[in-house]
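Computed over heavy atoms, backbone and side chain alike; hydrogens, waters and symmetry mates excluded. Counting starts at 1 for both ligands and their atoms, in listed order.
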Amino acid sequence: MMTIRGRQEKHSRPFSAFISYQSLPLMEPKLEREPAANSRYNSVNGFEDYDINRWFEDVAENAACVQTLTLRRIIQQNFGSEYLNKWLGDIEIQDLDPDALESLYTSLVPLACHSDLEPYIQRIADGDSSPILTQQPITTLSLSSGTTEGRQKYVPFTRHSSQTTLQIFRLAAAHRSRIYPIREGGRILEFIYSSKQFQTKGGLTTGTATTHYYASEEFKIKQKKTKSFTCSPKEIISGGDYKQSTYCHLLLGLVYSDQVEFITSTFAYSIVQAFISFEELWKDISKDIKKGTLSSRITIESMRKAVLDILSPNPPLASIIEEKCTELEKSNWFSVIPTLWPNAKYVYSIMTGSMQPYLKKLRHYSGELPLVSADYGSTESWVGVNVDPSDPPENVTFAVVPTFSYFEFIPLYRQNQDYTSIIDDFIEDDPVPLSQVKAGQEYEVVLTTYTGLYRYRLGDVVEVAGFYKGTPKLNFICRRKLILTVNIDKNTEKDLQLVVERGSKLLNQTRAELVDFTSHADVVSQPGHYIIYWEIKGEVEEQVLCECCREMDASFVDHGYVVSRRMNTIGPLELCIVESGTFRKILDYFLENGAALSQFKTPRCTSNQALLRILKVCTIKRFHATAYV
Ligand code: AMP
């Protein structure tokens with residue numbers, strides 16, 4: 001019988017001692033045990049926090065076994081599908097124990113990236129319903145946001161995808177409620193948006209994963225189970241015009257302001273966008289509340305009807321809002337969220353990775369209210385849950401949920417010097433299973449999912465920060481793909497983020513603030529050089545911007561960049577200041593091309609010609625760095 005090489009047993013008692021493979025609670029936490037009499041049975045969220053917490057503790061403690069069994073389940077479900085057949089052939093998997101199957105699987109099935117699977121997914125999109133990646137035909141495809149990769153990708157979506165979404169939301173809610181309990185029956189002000197769903201050539205429904213989720217049974221169940229209700233009816237979420245939806249989210253959020261328990265969105269960007277809009281919209285919103293009318297800017301009939309069904313004239317509320325907003329305007333909207341939503345307990349959203357640049361603005365709007373960083377996942381699969389909701393967003397980690405997918409980790413070692421690969425800054429080692437990851441080590445995440453992705457490289461770099469029982473807690477580092485490279489230089493999104501942070505610190509001395517940024521590696525002009533685009537709110541002297549530009553050029557620590565700059569094989573960094581509203585145009589461009597605001601991430605580097613045209617047309621000032629003269 002085959003055994004797994006070098007497997008480290010992380011669990012202290014045999015998993016089978018209390019949960020057999022057959023009863024492995026991969027989806028619903030239906031543990032046999034009753035809560036002990038003295039246990040904290042928390043129904044604040046309207047469901048059995050005890051059960052879901054207990055379930056997670058069990059699977060986390062036994063993560064290694066759960067992973068092996070998860071893999072077996074995925075293979076069993078999809079055995080005989082074309083893709084698995086290609087690599088596993090007609091091996092009698094029933095004769096193998098789960099450990100042997102895991103070992104065989106990882107030695108026979110190769111690592112794959114999206115482009116390897118694309119021909120299979122395309123056939124599914126074109127209507128081929130034979131068992132290509134999964135035994136059950138795929139009827140829905142998700143579109144990844146594509147804003148970091150530059151293009152959207154089709155990813156299979158099944159009922160399992162919605163179920164795990166519901167499950168991670170419940171799990172995260174249970175952890176949050178331990179620290180920030182909320183009132184049963186309260187409301188959530190959710191800045192969520194569906195994209196348009198459309199049909200592929202083969203008749204499959206396509207849209208973003210969040211769109212499918214908002215349309216799913218699970219989204220309704222979540223509201224019932226958690227007894228927390230979103231302020232906006234579905235007509236607003238699925239309206240298809242984010243400006244109109246945002247207006248209505250804000251309006252109804254204020255109508256229910258006393259009942260709102262927390263404010264949320266998928267990615268922090270959406271909350272920041274909503275409040276930037278609020279600064280302009282508040283007078284109209286307050287007028288609508290006073291008179292029970294709806295601004296003519298809302299033109300979508302179903303949305304109008306849904307809002308007007310709820311609204312009735314409320315002059316006292318309108319005058320409170322007017323009074324508060326008049327004061328807030330004077331303080332540049334500092335602490336607007338707790339001022340207008342006095343019963344809100346926290347703000348909850350993904351604030352890590354490419355969302356970190358919006359933290360400053362989010363803190364400004366949130367004042368003293370805690371910021372709780374939301375969970376880690378992707379269109380392909382959920383990965384980990386934030387089990388320490390009181391951690392500041394900068395330190396947040398995600399405990400891998402070992403039932404969601406089968407996870408492998410490719411160890412990554414950073415190259416410091418004289419390494420000339422232009423593909424990447426890392427050297428890879430062989431992938432290891434979840435049970436063999438080490439604290440302090442960086443890895444790329446690899447997924448085998450129930451939806452037919454096998455040893456799929458997610459492209460995210462994470463660091464193992466520690467463990468929650470037997471499951472690793474991950475720190476999100478960045479997308480693996482290099483974003484800025486001209487020749488031997490290698491910079492990731494994270495590197496750029498740090499550089500922009502340093503450069504924009506100089507704006508603190510002024511009354512201006514950085515609204516958003518992106519970049520481009522210009523390899524057409526000679527020598528090639530980096531261009532960083534900034535949108536700024538407020539007035540800044542040219543001298544300060546010159547200094548920001550110099551500071552950024554000097555702040556790239558990548559050896560290849562420093563050497564190239566000294567030798568002038570990379571030219572001086574260029575800072576382009578774009579006019580106000582440019583990043584809105586970029587957002588609009590993505591939304592017009594099928595992205596959803598709920599999943600939108602500003603591309604931190606672009607070579608997309610349409611975007612570069614927008615940036616070029618909108619540039620109002622240019623500076624060239626003097627760091628290496
Ligand atoms: P998409 O599937 O296109 O919506 O984007 C998924 C990607 O968003 C992931 O692969 C990560 O790069 C990023 N992401 C998702 N959740 C988080 C998080 N909590 N922190 C940082 N980045 C995240």
What part of [X], side chain from CB on, backbone N/CA/C/O, both or neither, has a heavy atom under 4.0 Å from ligand 1?
{"X": "Arg479", "value": "side chain"}
{"X": "Thr208", "value": "neither"}
{"X": "Thr379", "value": "both"}
{"X": "Ser354", "value": "neither"}
{"X": "Phe476", "value": "side chain"}

When only distance counts, is [X] in polar contact with ligand 1, meaning an N/O pair under 3.5 Å?
{"X": "Asp460", "answer": "yes"}
{"X": "Ser144", "answer": "no"}
{"X": "Glu380", "answer": "no"}

> With respect to Val347, which candidate in Ser265, Ser373, Pro370, Ser366 satisfies the side chain to side chain contact (heavy atoms under 4.5 Å, CB included) definition?
Replying inline: Ser366
>> Cation-pi check for Tyr589 against Arg613: NZ or CZ below 6.0 Å from the six-membered ring centre and within 45 degrees of the axis, yes or no?
In response: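 No, a cation-pi geometry is absent between Arg613 and Tyr589.
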> Is there a donor-acceptor pair under 3.5 Å between the side chain of Gln122 and the backbone N or O of Leu117?
Replying inline: no
>> Strictly distance-based, threshold 3.5 Å: is any side-chain N or O of Asp116 a donor or acceptor partner for the main-chain N or O of Cys113?
In response: yes
